[in-house]
Structure formats: structure tokens, C-alpha cells
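Shown next, in C-alpha cells, is the structure this report addresses.
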Amino acid sequence: MLSLILTIASPVPSYHPQENEEEVDLDLKIQILLASREKAFKAVEANITAAQKCQKETYDRKHQPQVLLEGTEVLLENTHQKQRKGGKMEQLWLGPYVIHRDLGKGLYELKNAEGKLVKKKANINRLKIYTRRKESPAPPRSQSDETSIKQSEQKSTELTEKNHQAVRK
């Protein structure tokens, strides 16, 4: 049969009295434990400080503050839609709006399409830059596409006429 010996390193020194050893003074034990406790607390505090520093650097790297210039077209998040029940068909973003003025600390004053100022100010967290779609020309149709479209239109008009006649009777 195999036996497994497992040793675990602990910051607290252990005390195992020998058979012939006299009992160690209780005050000495307490001082040893308190000293090792302070040493462990300092190690934990240094570890936590290093981990928090690393977390802050990672957060700062990913969350660069965005600055929007006056005249930039933006969309405004529709937070009203998020808060109410049943607003699934409402638009997620409103706009486009134009930034009228930067009020500092991520707060902006907006203008609508007619140039009127919006009453409420908007935080940068609720804005995203609006990019207009490029107008692409319709793909060219072939002769066969046009004839199939005309045939389907004729069939649909014939069916609607038959439905109207059936209703009249």
C-alpha cells in the first residue's frame, strides 16, 4: 500500500512538543504568533496593493475618456425605452443631434436637426458618434428580372380583381 505525505507551508510557525520537552512559556508562544501574524498581514497588504495597481492600469488602458468636438453629429441613447415595459418596438437611439457645446466632465449640450437646443443635457455615456450611410446606387437589373417583376405584378393584380369579384357576389 502506498502512503502519501503532504506538507503544507504555513506563515504561522507550528509548535510540536517533544516527549521529554517541558511546556514552553505561554507568553513566548503568543509573541511568536503575533509576530508571524503581523508578517502575514504585511504580505497580504502588499499583495492587495499590487493587485489593485494592476487592475487600475488595466481599467485606465481600456477606458480612455472620449472627447467630442462641437459640430459632431451624435445619437442619443433612448433610456426611456429601457426603463418601461413593453417598449420593445421603440428606437434604441434618438437623433441625430449636433453637439452645440461641451459643458465639461462629459456633459454636452445638443441641438436637434432644426437647430433648436435640446432642453436636457446629455452625458457622454449616452452618446455615440453618428455616421451617415453611404448612398449606394441600386444594382443594375437584367432584362429577365424586369420581365419577372412585371409578370408577378400582373398576377397580383389579377388575384386582387378575382377577390373583389368574389366579395361582390
Side-chain angles (χ1 to χ4, degrees), residues 6 8-13 33-164 167:
L6 183 64
I8 301 174
S10 172
V12 179
L33 290 174
L34 287 176
S36 63
R37 180 177 178 242
E38 287 297 321
K39 187 178 179 182
F41 278 161
K42 288 180 182 178
V44 168
E45 186 178 359
N47 191 10
I48 290 173
T49 304
Q52 287 176 342
K53 181 181 176 185
C54 182
Q55 290 169 359
K56 181 180 178 0
E57 288 172 359
T58 303
Y59 179 87
D60 290 344
R61 200 173 332 124
K62 289 184 179 181
H63 296 87
Q64 294 294 326
Q66 186 179 12
V67 177
L68 300 173
L69 301 175
E70 293 179 13
T72 305
E73 288 186 322
V74 293
L75 294 176
L76 179 63
E77 185 179 18
N78 187 2
T79 53
H80 178 72
Q81 181 267 345
K82 284 185 174 182
Q83 294 172 353
R84 58 185 297 225
K85 295 180 181 177
K88 295 177 183 175
M89 298 303 288
E90 290 185 20
Q91 294 179 349
L92 297 176
W93 296 93
L94 304 173
Y97 295 101
V98 177
I99 292 184
H100 176 66
R101 189 168 45 144
D102 182 2
L103 301 174
K105 295 187 179 179
L107 198 62
Y108 292 93
E109 195 171 59
L110 304 175
K111 281 191 214 177
N112 60 13
E114 292 122 22
K116 295 181 183 178
L117 289 177
V118 178
K119 287 183 182 180
K120 292 189 175 183
K121 313 304 181 240
N123 192 298
I124 188 106
N125 296 336
R126 294 182 55 211
L127 298 175
K128 78 175 180 181
I129 295 176
Y130 176 68
T131 53
R132 294 195 177 270
R133 291 184 180 174
K134 294 179 182 176
E135 296 296 327
S136 60
R141 293 185 182 171
S142 65
Q143 188 68 21
S144 61
D145 289 342
E146 291 180 16
T147 56
S148 63
I149 292 171
K150 287 180 184 177
Q151 289 174 354
S152 64
E153 287 175 356
Q154 288 174 354
K155 286 181 184 178
S156 65
T157 54
E158 289 173 6
L159 288 174
T160 54
E161 287 176 9
K162 287 180 184 178
N163 288 337
H164 286 295
V167 171

Look up atom CD in E109 and atom CG in D102, then write down how far apart they are to the nearest 0.5 Å.
10.5 Å
Roughly how far, to the nearest 0.5 Å, is the CZ atom of R126 from the CG atom of N78?
8.0 Å
Give the C-alpha distance, both sets of side-chain angles, the deciding distance and a yes or no for side chain to side chain contact (heavy atoms under 4.5 Å, CB included) between L110 and I99.
CA-CA 5 Å; L110 304 175; I99 292 184; 4.0 Å; yes
Return yes when atom NZ of K39 has more than 12 non-hydrogen atoms of other residues, nucleotides or ligands closer than 6.0 Å, and no otherwise.
no
Please report the closest heavy-atom contact between L127 and A122, naming both atoms and the distance.
CD2-CB, 4.0 Å
4.5 Å side-chain heavy-atom contact, E77 and W93
yes
What are the two closest non-hydrogen atoms of V74 and L68, and how far apart are they?
CG1-CD1, 4.0 Å
When rounded to the nearest 0.5 angstrom, what is the spacing between CG in N125 and CG in L107?
10.5 Å
For atom CD of Q91, is the number of surrounding heavy atoms from other residues, nucleotides or ligands below 6.0 Å larger than 12?
no
Working to the nearest 0.5 angstrom, can you tell me the gap between K120 NZ and N123 CG?
13.5 Å
Nearest heavy-atom approach of Y97 to N112 is CD2-CA, 3.7 Å
Distance, nearest 0.5 Å, that separates NE2 of H80 from CD of E90:
5.5 Å
Taking all atoms of both residues into account, what is the closest heavy-atom pair of L103 and K121, and its distance?
CD1-CD, 3.7 Å
Measure the spacing between NZ of K116 and NZ of K111 and express it to the nearest 0.5 Å.
13.0 Å
